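Not measured: the values here are computed from a predicted model. Every chain is numbered from 1 and lettered A, B, ... according to where its sequence line falls, protein lines coming before strand lines.
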2 protein chains.
Amino acid sequence: MVARFPLSDADLDRLFRALADGTRRDIVARVLGGEQASVSVLAARYDMSFAAVQKHVAVLEEAGLVTKHPQGRERMVRGNPAQLARARELLLHLEGLWKSRFSQLDAVLAEPRLPQDD
Amino acid sequence: MVARFPLSDADLDRLFRALADGTRRDIVARVLGGEQASVSVLAARYDMSFAAVQKHVAVLEEAGLVTKHPQGRERMVRGNPAQLARARELLLHLEGLWKSRFSQLDAVLAEPRLPQDD
DNA sequence: ATAACGTACAACCATATGGTTGCACGTTTC
DNA sequence: GAAACGTGCAACCATATGGTTGTACGTTAT
């Protein structure tokens, strides 16, 4: 099995930061939902300038959450669910730390020898 | 079953933004892992001022990822895995949009009648 | 009581972010 | 070829972020 967390700390920063904006989450939802969407079609849906939406898409692209595919003069935006899955894996990992905390406690309780190390 | 997404858009902004920083992710990992940690004990582990770490903890607290519990003159920091689970649910939801896109396609293919609605 | 510790908060600074407008350039249409 | 369209990028602005130091204040220890 290959490493499932090929993301550097900086990658994770970009990934979560990209998700920390409502407009960007909405764009991700639309393109994952199958909406055939060029940048300008997306831009028409939001109450801000084209350039603003174009920047949001750029942020999503740098975070690996979407890819752009040239098609004539437009760039079709496609969602990348694999990157979402990676973010989800990190959260699972953190939640796993919580769970393992109790299984360690269980182990200590089941093992009456006292640990000597600090 | 109660609603599983009681988080407003602004809540989600705070939640993902809180996760978009390596120091904060590390703090979450430590406290979820069971490290008994006051703010100053946490601060000692990082190469920055106490005030900086205190601010990071405040950001995590506002995002609902940790809670502080006064104990004498210290504030013990505890992780809140439920909030992580909520973030994870959002990602699952987004990935679900992707999957449902294909099940819709499957439905269309399995149903030879042409849809009339746009 | 006084000193030391742990925390919170304000003020400040540099940089990042999210928005704007304007312009350049490739592509399509006429 | 000229006009219109879609995109990207630069410059600019206001505000947010992540860091600093200093100060105030409650709690613990001497």
Side-chain angles (χ1 to χ4, degrees), chain A residues 8-31 35-79 87, chain B residues 8-31 35-79 87:
Chain A
S8 70
D9 230 49
D11 289 333
L12 289 172
D13 289 0
R14 278 184 226 108
L15 182 45
F16 284 111
R17 176 166 288 266
L19 289 167
D21 179 282
T23 302
R24 288 196 291 260
R25 286 192 300 272
D26 196 67
I27 291 174
V28 169
R30 287 185 186 282
V31 299
E35 192 159 316
Q36 190 70 356
S38 67
V39 180
S40 57
V41 164
L42 283 173
R45 296 203 164 263
Y46 302 99
D47 188 23
M48 64 185 75
S49 69
F50 168 83
V53 175
Q54 193 254 345
K55 278 211 240 176
H56 280 307
V57 173
V59 168
L60 290 171
E61 193 180 19
E62 291 221 342
L65 285 168
V66 305
T67 52
K68 278 186 286 193
H69 300 84
Q71 196 163 308
R73 62 185 163 189
E74 334 179 48
R75 308 296 145 98
M76 306 311 288
V77 180
R78 258 193 253 159
Chain B
S8 71
D9 230 50
D11 288 334
L12 289 172
D13 289 0
R14 279 185 225 107
L15 182 45
F16 284 111
R17 175 165 283 275
L19 289 168
D21 179 284
T23 301
R24 289 198 289 261
R25 286 192 301 271
D26 196 68
I27 291 175
V28 169
R30 286 185 187 284
V31 299
E35 192 160 316
Q36 191 69 357
S38 67
V39 180
S40 56
V41 164
L42 282 173
R45 296 201 164 264
Y46 303 98
D47 188 25
M48 63 185 77
S49 69
F50 168 83
V53 175
Q54 193 255 341
K55 278 211 240 175
H56 280 307
V57 173
V59 169
L60 289 171
E61 194 180 19
E62 291 221 342
L65 285 168
V66 306
T67 51
K68 278 186 286 192
H69 300 85
Q71 195 162 309
R73 63 183 162 190
E74 336 181 45
R75 309 296 147 99
M76 307 310 289
V77 180
R78 258 193 252 160

- Item | Carboxylate-amine/guanidinium proximity below 4.0 Å for B/Arg45 and B/Glu35 | yes
- A/Glu62 CD to C/dT17 C1', straight-line distance once rounded to whole Å: 13 Å
- When rounded to the nearest 0.5 Å, the distance separating CG of B/Leu15 from CG of B/Leu60 is 10.0 Å
- Query: Of all the choices, C/dT21, C/dT7, D/dT20, which nucleotide is nearest to the side chain of A/Ser49 once you look at every atom?
  - Reply: C/dT21
- Message: Please tell me if A/Ser40 has a side-chain N or O lying less than 4.0 Å from either OP1 or OP2 of D/dT7.
- Response: yes
- Message: Using a 4.0 Å heavy-atom cut-off, does B/Thr23 contact any base of the nucleic acid, only the sugar-phosphate backbone, or nothing at all?
- Response: nothing
- Can B/Arg25 and A/Asp9 be said to form a side chain to side chain contact (heavy atoms under 4.5 Å, CB included), step by step? CA-CA 10 Å; B/Arg25 286 192 301 271; A/Asp9 230 49; 3.6 Å; yes
- Query: Can you check the A/Phe50 CZ to D/dC9 C1' distance for me, whole Å?
  - Reply: 11 Å
- Note on the structure: Side-chain contact check for B/Lys55: nearest option of D/dT20, C/dT7, C/dG18 is D/dT20
- Tell me: CE of A/Met48 to C1' of C/dG19, nearest whole Å? 8 Å
- Identify, between B/Val41 and A/His56, the residue whose nearest nucleotide on DNA chain C lies closer to the 5' end. B/Val41
- Interatomic distance, B/Glu61 CD vs C/dT7 P [rounded to whole Å]: 12 Å
- Report the distance from atom CG of B/Leu42 to atom C1' of C/dT7, rounded to the nearest whole Å. 13 Å
- Report yes if at least one side-chain N or O of A/Lys68 is closer than 4.0 Å to OP1 or OP2 of D/dG8; otherwise report no. yes
- Compare side-chain N and O positions of A/Gln54 against OP1 and OP2 of D/dT7 and report whether any pair is under 4.0 Å apart. no
- Query: Any idea which of D/dT21, C/dT7, D/dG18 is nearest the B/Asp21 side chain?
  - Reply: D/dG18
- Task: Start with the C-alpha gap between A/Ile27 and A/Tyr46, add the side-chain angles, then the distance that decides, and say whether side chain to side chain contact (heavy atoms under 4.5 Å, CB included) holds.
- Result: CA-CA 10 Å; A/Ile27 291 174; A/Tyr46 302 99; 3.5 Å; yes
- Message: Looking only at the side chain of A/Arg73 (C-beta and beyond, no hydrogens), which of the listed nucleotides D/dT20, C/dG6, D/dA4 gets closest?
- Response: D/dA4
- Item | Sugar-phosphate, base or nothing in reach of B/Ala58, heavy atoms under 4.0 Å | nothing
- Task: Send over the distance from A/Phe16 CZ to D/dG18 P, rounded to a whole Å.
- Result: 15 Å
- Taking only side-chain nitrogens and oxygens of A/Arg17, does any of them come within less than 4.0 Å of OP1 or OP2 of C/dT17? yes
- Between D/dG8, D/dG19, D/dG22, which one does the side chain of B/Ala51 approach most closely? D/dG22
- How close or far is atom P of D/dG18 from atom OH of B/Tyr46, stated in whole angstroms? 15 Å
- CD on B/Glu62 to CG on B/Asp11, rounded to 0.5 Å: 10.5 Å
- Below 4.0 angstrom from OP1 or OP2 of C/dG6, is there any side-chain N or O of B/Ser38? no
- Item | Listed nucleotide nearest any side-chain atom of A/Arg24, set C/dT20, D/dG8, C/dG18 | C/dG18
- Query: Can you name the nearest heavy-atom pair linking A/Val53 to A/Met48, along with the distance?
  - Reply: CG2-CG, 3.7 Å
- Within the pair A/Arg75 and D/dG8, is there a side-chain N or O less than 4.0 Å away from OP1 or OP2? yes
- What integer distance in Å separates B/Arg25:CZ from D/dG18:P? 11 Å
